[in-house]
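Notes follow once the structure below has been shown.
Atoms considered below: every heavy atom in the structure, side chains included; atoms not considered: hydrogens, waters and symmetry mates.
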Amino acid sequence: MVGADGFEIRRAGTVAELLAAEHLYDGPARAEWAERFLASSGHVMLIAYAPGGVPAGFATGIEMVHPDKGAELCLYELGVDEAFRRRGLGRALTEALLAEARRRGCAGAWVPVDTDNGPALATYRSAGAVDEGVCAIRAWSFGGGNDRT
């Protein structure tokens, strides 16, 4: 699919694709984690490629199923390389991920976002998201596998 400004958005399906987009992530990618990601049927990553084939942005989603809610998609992370920001690419990636959620038969989608992250809030609002109120997130860190050092 072609997104904003001629960027091509497509679903990542190989470890090589996930590793090639590493510069867009918060930390270094690991091949064993990329393999595990791809092996998980509920996980999806869309990568936006700039003309010339350079990964310019990505969106990841996780499909979750619950007995009283059915299937929903969590937009887990959205990232756009600084050189490609303010061109509508974040919105295009969000909309493409929402289209994937609909294709999967999800009843809805949601995204956790920091309340002081103005660019993310504007991106999600431009893609049709509504504010459902303040939410606090609490986390547990088990060390080892997910540390970013």
For residues 116-125, tabulate all N or O donor-acceptor pairs below 3.5 Å that involve a side-chain atom, not counting sequence neighbours.
| residue | atom | partner | partner atom | Å |
| --- | --- | --- | --- | --- |
| N117 | OD1 | A120 | N | 3.1 |
| T123 | OG1 | P119 | O | 2.9 |

Query - Those residues that, when tested against S40, pass side chain to side chain contact (heavy atoms under 4.5 Å, CB included) (two or more places apart) - result: H43
Query raised in the report: Are V111 and L78 connected, step by step, through hydrophobic side chains (Ile, Leu, Val, Met, Phe, Trp, Tyr) whose heavy atoms are closer than 4.5 Å?
Result: yes
Requested in this report: Just jot down the side chain to side chain contact (heavy atoms under 4.5 Å, CB included) partners of R86, sequence neighbours excluded, or say none.
Outcome: none
Report summary line: CZ of R102 to CG of L97, rounded to nearest 0.5 Å, is 10.5 Å
Query raised in the report: Looking at A96 and I9, what are the two nearest heavy atoms and their distance?
Result: CB-CG2, 4.1 Å
Query raised in the report: Is it true that V113 and L73 fall in one hydrophobic cluster, defined by side-chain heavy atoms closer than 4.5 Å?
Result: yes
**Report entry** Partner set under side-chain hydrogen bond (donor to acceptor under 3.5 Å, both in side chains) for E63, not counting sequence neighbours
**Finding:** R104
Report task. Start with the C-alpha gap between E100 and R11, add the side-chain angles, then the distance that decides, and say whether side chain to side chain contact (heavy atoms under 4.5 Å, CB included) holds. Result -> CA-CA 10 Å; E100 174 66 16; R11 183 173 180 171; 3.5 Å; yes
Query raised in the report: Given R10 and E8, is the salt bridge (Lys or Arg N to Asp or Glu O under 4.0 Å) satisfied, shown in steps?
Result: CA-CA 6 Å; R10 61 181 189 258; E8 181 184 2; 3.2 Å; yes
Report task. Applying side chain to side chain contact (heavy atoms under 4.5 Å, CB included), run through V44 and L46 and close with a yes or a no. Result -> CA-CA 7 Å; V44 61; L46 303 178; 4.3 Å; yes
**Report entry** More than 12 heavy atoms from other groups under 6.0 Å of CD on E132
**Finding:** no
Query raised in the report: Is L75 linked to L89 within one hydrophobic cluster, defined over Ile, Leu, Val, Met, Phe, Trp and Tyr using a side-chain heavy-atom separation of less than 4.5 Å?
Result: yes
Query raised in the report: How many angstroms lie between atom CD of E72 and atom SG of C106, to the nearest 0.5 angstrom?
Result: 8.0 Å
Requested in this report: Group every Ile, Leu, Val, Met, Phe, Trp and Tyr by side-chain heavy-atom contacts under 4.5 Å, then state whether F58 and L38 land in the same group.
Outcome: yes
Report summary line: Those residues at least two apart in sequence (or on a different chain) that pass side chain to side chain contact (heavy atoms under 4.5 Å, CB included) with D131 are none
Query raised in the report: Under 3.5 Å, side chain of E17 to main-chain N/O of T14, donor-acceptor pair present?
Result: yes
Requested in this report: Spell out, yes or no, whether Y76 and L24 are grouped together once hydrophobic residues are joined by side-chain heavy atoms under 4.5 Å, including indirect joins.
Outcome: no
Report task. Drop me the distance from L93's CG to F7's CZ, to the nearest 0.5 angstrom. Result -> 9.5 Å
Query raised in the report: Between M64 and C74, which heavy-atom pair has the shortest distance, and what is it?
Result: CE-CB, 3.2 Å
Report task. Given side chain to side chain contact (heavy atoms under 4.5 Å, CB included), test F37 with V15 step by step and report yes or no. Result -> CA-CA 9 Å; F37 180 93; V15 169; over 6 Å; no
Query raised in the report: Shortest non-hydrogen contact from H23 to P55?
Result: NE2-O, 3.0 Å
Requested in this report: Compute both the distance and the angle, then confirm whether R36 meets the cation-pi test with W33: under 6.0 Å from the six-membered ring centre, within 45 degrees of the axis.
Outcome: no
Query - Minimum heavy-atom distance between L98 and A109, given as atom pair plus value - result: CD2-CB, 3.6 Å
Report task. Check side chain to side chain contact (heavy atoms under 4.5 Å, CB included) between A29 and all other residues, then give those that pass, not counting sequence neighbours. Result -> L19, E22, Y25
